[in-house]
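Being a predicted model, the structure only gives us computed values, none of them experimental.
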Amino acid sequence: ALFRHVNAILGNSETGKRLDLEEFQSALNNTQLYADNINIKNSEDSNWERFVEVIHTLDHLQRLHERCEEDEDRAITARDTPELASECRLLTSTIGEILTDIEKDDWLHAYQTAKNTGEVIHAKVRPYRAEIMAKIASGAVDANIGTSNLEAIRWLRRVSRHITRITQHTNASLLAVAADSKEII
């Protein structure tokens, strides 16, 4: 649902759908409370690795939620900035692919796809920053607009990073389950 929300605020109506962020926060809080009541005493327990990965996933879901709730203006700037159009399309396309992977329960491919996209967006940040700074210095771009554009590319980078980590840790938790199942057999 949160991935679909990202696509919605980036303007992708095909795979995007807004969600009630307060309701989602409540669900995250309830999930965190549930997880807090789980006590695995022994780090040698086969459930330990799986549980640690779930905690990582929850952390990145919380942080992605915060990016959507507190920084939506940055997403809108990214969506409306022509120089960031390709990165927005890449991210929304990636989320669409990840949603398909999730339906197929192919978290490894979801992670690989997210990771590749994150790397592409990350590589764009430094040259884009230099370009914006040069435009501000030459007067071609107002400092406030330039700052908003820089916040937008950083938002894209952070969101892609959280999506990568969510898929990575979910995949790792499922691998821990699979490894545990093989031990039982």
Side-chain angles (χ1 to χ4, degrees), residues 1-10 12 14-72 75 87-123 154-185:
L2 196 51
F3 291 173
R4 289 185 189 282
H5 185 82
V6 170
N7 269 8
I9 61 179
L10 288 176
N12 183 307
E14 184 179 323
T15 57
K17 182 179 180 192
R18 284 188 171 267
L19 61 94
D20 181 329
L21 290 173
E22 285 183 31
E23 186 178 310
F24 191 81
Q25 182 62 62
S26 178
L28 278 174
N29 291 344
N30 289 336
T31 305
Q32 187 66 52
L33 284 172
Y34 181 83
D36 286 345
N37 288 315
I38 298 172
N39 291 309
I40 302 173
K41 305 274 188 232
N42 183 355
S43 64
E44 300 298 318
D45 186 313
S46 61
N47 292 311
W48 177 260
E49 181 182 347
R50 179 178 9 187
F51 188 57
V52 169
E53 296 297 341
V54 168
I55 297 299
H56 279 292
T57 301
L58 284 171
D59 176 57
H60 285 285
L61 282 168
Q62 287 280 11
R63 291 163 68 193
L64 180 58
H65 175 271
E66 289 171 12
R67 297 289 73 76
C68 292
E69 184 178 53
E70 297 171 7
D71 302 332
E72 184 171 340
E87 287 73 26
C88 287
R89 277 192 307 274
L90 174 62
L91 185 57
T92 59
S93 171
T94 295
I95 290 171
E97 192 172 335
I98 288 169
L99 292 170
T100 300
D101 290 336
I102 291 170
E103 288 173 11
K104 295 178 187 176
D105 203 26
D106 189 351
W107 285 93
L108 176 59
H109 189 261
Y111 164 57
Q112 291 166 335
T113 302
K115 183 176 182 257
N116 291 340
T117 293
E119 289 170 355
V120 168
I121 291 173
H122 182 77
R154 286 191 294 262
W155 185 90
L156 289 169
R157 182 187 65 207
R158 288 177 184 136
V159 165
S160 68
R161 183 176 194 102
H162 292 311
I163 291 170
T164 299
R165 296 296 185 241
I166 290 164
T167 56
Q168 175 188 19
H169 292 298
T170 301
N171 181 59
S173 71
L174 294 171
L175 288 175
V177 170
D180 192 35
S181 296
K182 288 178 183 175
E183 288 177 18
I184 293 172
I185 297 173

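Judged as a salt bridge (Lys or Arg N to Asp or Glu O under 4.0 Å), the pairs with a partner in residues 98-108 (not counting sequence neighbours) are, in order, Arg4-Glu103. Pairs of residues two or more places apart, or lying in two chains, that qualify as side-chain hydrogen bond (donor to acceptor under 3.5 Å, both in side chains) and include a residue from residues 154-164 are His60-His162.
The salt bridge (Lys or Arg N to Asp or Glu O under 4.0 Å) test applied to Glu97 returns no partner, not counting sequence neighbours. Partners of Glu72 under the side chain to side chain donor-acceptor pair (under 3.5 Å) rule, at least two apart in sequence or in another chain, are Arg18. For the salt bridge (Lys or Arg N to Asp or Glu O under 4.0 Å) test, no residue two or more places apart in sequence or in another chain qualifies with Arg165. Evaluation of the side-chain contact (heavy atoms from CB on, under 4.5 Å) rule for Glu119 yields Lys115, Asn116 as partners, not counting sequence neighbours. Applying the side-chain contact (heavy atoms from CB on, under 4.5 Å) rule to Val52 yields the partners Trp48, His56; only residues at least two apart in sequence or on another chain are considered. Legend: residues meeting side-chain contact (heavy atoms from CB on, under 4.5 Å) with Ile38, ordered by chain and number and at least two apart, are Tyr34, Ile40, Phe51. Partners of Asp59 under the salt bridge (Lys or Arg N to Asp or Glu O under 4.0 Å) rule, at least two apart in sequence or in another chain, are Arg63. With sequence neighbours left out, Glu70 forms a salt bridge (Lys or Arg N to Asp or Glu O under 4.0 Å) with no residue at all. Applying the side chain to side chain donor-acceptor pair (under 3.5 Å) rule to Glu66 yields no partners; only residues at least two apart in sequence or on another chain are considered. Looking at residues two or more places apart in sequence or on another chain, you find a side-chain contact (heavy atoms from CB on, under 4.5 Å) between Ile102 and Phe3, Ile98, Trp107.
Within a 6.0 Å sphere centred on CD of Gln62, other residues, nucleotides and ligands contribute more than 12 heavy atoms.
Considering every non-hydrogen atom in both Thr15 and Gly96, the closest pair reads CG2-CA, 4.1 Å. Taking both residues in full, the closest heavy atoms of Ala35 and Leu58 are given as CB-CD1, 4.1 Å, listed atom of the first, atom of the second, then distance. Shortest non-hydrogen contact noted between Ala75 and Leu10 is O-CD2, 3.6 Å. The minimum heavy-atom distance linking Leu19 with Ala1 is given by the pair CD2-O, 3.0 Å. When every heavy atom of Ala114 is checked against every heavy atom of Thr167, the shortest pair comes out as CB-OG1, 3.7 Å.
Atom-to-atom distance recorded for Tyr111:OH and Thr170:OG1 is 12.0 Å, nearest 0.5 angstrom. Atom CZ in Arg67 sits 11.5 Å away from atom CG in Leu2 (nearest 0.5 Å). In this structure, CD1 in Ile121 is found 8.5 Å from CD1 in Ile163, a value given to the nearest 0.5 Å. From Leu175, atom CG reaches atom CG of Asn171 across 4.5 Å, with rounding to the nearest 0.5 Å. The CD atom of Glu14 sits 9.0 Å away from atom OG of Ser93, with the distance rounded to the nearest 0.5 Å. How far CD1 of Ile55 is from CD of Gln32: 5.5 Å, rounded to the nearest 0.5 Å.
Side chains of Glu53 and Gln168: a donor-acceptor N/O pair is absent below 3.5 angstrom, by distance only. For the 3.5 Å distance criterion, the side chains of Thr92 and Asn7 fail to qualify, holding no donor opposite an acceptor.
Looking at heavy atoms from C-beta onward, Val6 lies in side-chain contact with Leu64 at the 4.5 angstrom threshold. Between Lys17 and His5, the closest side-chain pair of non-hydrogen atoms is not below 4.5 Å. Within the 4.5 Å cutoff, the side chain of Thr113 has heavy atoms near those of the His109 side chain. Annotation: side chain of Thr57 is not in contact with side chain of Ser173 (no heavy-atom distance under 4.5 Å).
His65 places a side-chain N or O within 3.5 Å of a backbone atom of Leu21 that can act as its donor or acceptor partner.
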